[in-house]
2 protein chains.
Amino acid sequence: MAKPKIRLLLVDDHLVVRIGLRSLLEMQPDMTIVAEAASGTAALKEFERHQPDLTLMDLRMPGMGGAETIAAIRASFPAARVLVLTTFDTDEDIFRALQAGACGYLLKNTDSEPLLKTIRAVHAGTYRLPAEVAARLAQRLAAPELSPREREVLELIVKGRSNKEVGSALGVAENTVKNHVKVILDKLGVRDRTQAATTAIQRGIVRL
Amino acid sequence: MAKPKIRLLLVDDHLVVRIGLRSLLEMQPDMTIVAEAASGTAALKEFERHQPDLTLMDLRMPGMGGAETIAAIRASFPAARVLVLTTFDTDEDIFRALQAGACGYLLKNTDSEPLLKTIRAVHAGTYRLPAEVAARLAQRLAAPELSPREREVLELIVKGRSNKEVGSALGVAENTVKNHVKVILDKLGVRDRTQAATTAIQRGIVRL
DNA sequence: CGGTAAATAGCCCGATGGGGCTAACTCGGC
DNA sequence: GCCGAGTTAGCCCCATCGGGCTATTTACCG
């Protein structure tokens, strides 16, 4: 008797991507797609119903994002294996996804061979993150994290608020904001608020 | 005898998207895909070879971007019809694509029915831009354009350079830079360089 | 040839930003 | 009960920024 196929769940809000993945993966003798979902909430339902061996998950989706979805799935099914398949590769995205329990990370513009290889490797439990990604991840872990308040201030900086405006928005003195800003600049390793804003966007710390 | 099919060229650097589109479109009785390309330069070659009725084009691609590719195609084949199919929808993207001669604009997360409908409409020449897009486009047209020099300064602002640094980078006096900055802030309708940076990124005026 | 726009450069000046420093208070952990 | 981190807030000081203004040169367009 043949080996059991890898049972896959596809989660992506892009119709054409779901079709493309389905066409590609259903052609493989050792893979079968048991369900598809176009949103995080739908993904949860489908996962519960089918308990697939492996989930291919887009990160940026309307409504519940990919990272939250992964976390939600793994809260109920700690053994769930999820492979992130996304267009973007900001450090923050990768980090949050792996933090949430993703087993791997692939960009959508990869060819079919590495894609299939990675799916099989993740399923077999032999997948290793690419060295370059691991390096960035290590750097991300080494970097000091922003406190909740600091992240709040940073978001307002990105929105172009002045220190005074941030202060009144948060109900604190301008001096307090200036202190937060100082710490933020220090932690991000930048010199001024403009650099803070752009690197925050670049690293995915704040959504634009 | 049957009506001739719509001969399509697919241009997208994402393999799964090409597969998905091909699967979806080849199922239609009135459509056929004559070629695919994963880059702008490849798209040019395939267009010349097959001269398709309609080209589906991704905008963000490594190497030659979608807008440039459209412009290059239409330089040789002014009658070429190109429908942009992309993930992003910044005003700049839309604007540049239509400026380059695109006939329409679709997001990749659209369902199959509107997608097919739009393809047929563009082919038939009856396609109209959605009112919301047209409105943004009008606004974009009303907005004063940045001069090349101003765009150059804006890019350096986004990189977090100070006026003085921008000056030495461009070989001009700081006062000159300050003048450019003033004009930029005015044209973008913002108050300071941080807002200029974030709105520039948001509108897609500069690439991050 | 005159007008317009871009790019250059200077001036003044008030507002904002950022560095360095101290110092409360609070809360959770050891 | 103390220690550390987070949040709060103040101080001084100077660099940078941004607004308002004028002016020259170049280049293009009608």
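Each chain gets a letter, A, B and so on, in the order the sequences are listed, and its residues count up from 1. Here the structure is a predicted model, which means the values were calculated and not measured.
- Set against C:dA7, D:dC17, C:dG18, the side chain of A:V181 has C:dG18 as its closest nucleotide.
- Residue A:A173 has its side chain nearest to D:dA9 when only C:dG17, D:dA9, D:dG18 are considered.
- One atom, CG of A:L146, and another, P of D:dG6, lie 10 Å apart when rounded to the nearest Å.
- Contact annotation: B:H180 side-chain N/O to C:dA9 OP1/OP2 distance is not under 4.0 Å.
- Ring geometry for B:F77 against B:F47 counts as tilted: the plane angle lies between 30° and 60°, on a 0 to 90° scale.
- At whole-Å resolution of the value, NZ in B:K187 and P in C:dA5 are 10 Å apart.
- Per the geometry, CG belonging to B:L170 stands 8 Å off P belonging to C:dT8, to the nearest Å.
- Going from atom CD of B:E150 over to atom P of C:dT8 covers 10 Å, rounded to whole Å.
- In terms of phosphate contacts, B:K178 brings no side-chain nitrogen or oxygen within less than 4.0 Å of OP1 or OP2 of D:dC17.
- Contact between the side-chain N/O atoms of A:R149 and the OP1/OP2 oxygens of D:dT8 is found at a separation under 4.0 Å.
- Rounded to whole Å, the distance from CG on B:D186 to C1' on D:dG18 is 12 Å.
- We find that CZ of A:R193 is positioned 14 Å from C1' of C:dG19, with the value rounded to whole Å.
- Residues B:L56 and B:L25 are in side-chain contact: their nearest non-hydrogen atoms beyond the backbone lie under 4.5 Å apart.
- For D:dT7, the OP1/OP2 oxygens have no side-chain nitrogen or oxygen of A:T176 closer than 4.0 Å.
- Side-chain atoms of A:L185 lie closest to C:dG19 of the nucleotides C:dG19, D:dG10, D:dC17.
- Rounded to whole Å, the distance from CD1 on A:I184 to P on D:dG6 is 12 Å.
- Between C:dG18 and A:R191, no contact under 4.0 Å exists linking OP1 or OP2 to a side-chain N or O.
- Remark: side-chain polar atoms of B:E150 are paired, donor with acceptor, to backbone N or O of B:S147 under 3.5 angstrom.
- Panel note: side chain B:R7, backbone B:Q51; a donor-acceptor pair is recorded below 3.5 Å.
- A donor N or O paired with an acceptor N or O is not found under 3.5 Å between the base of C:dA7 and the side-chain atoms of B:N179.
- The shortest distance between the side-chain N/O atoms of B:N163 and the OP1/OP2 oxygens of D:dT16 is not below 4.0 Å.
- Set against D:dT8, D:dC17, C:dG17, the side chain of A:E174 has C:dG17 as its closest nucleotide.
- Within the 4.5 Å cutoff, the side chain of A:V11 has heavy atoms near those of the A:M61 side chain.
- Among the nucleotides D:dA9, D:dG19, C:dA7, the one closest to the side chain of B:K182 is D:dG19.
- A distance-only check finds no donor-acceptor pair linking the side chain of A:T126 to the backbone of A:V122 [under 3.5 Å].
- Listed nucleotides C:dG18, C:dG17, D:dC17 differ in distance to A:S162; the shortest reach to its side chain belongs to C:dG17.
- The distance from atom CG of A:N175 to atom C1' of D:dG10 is 6 Å, rounded to the nearest whole Å.
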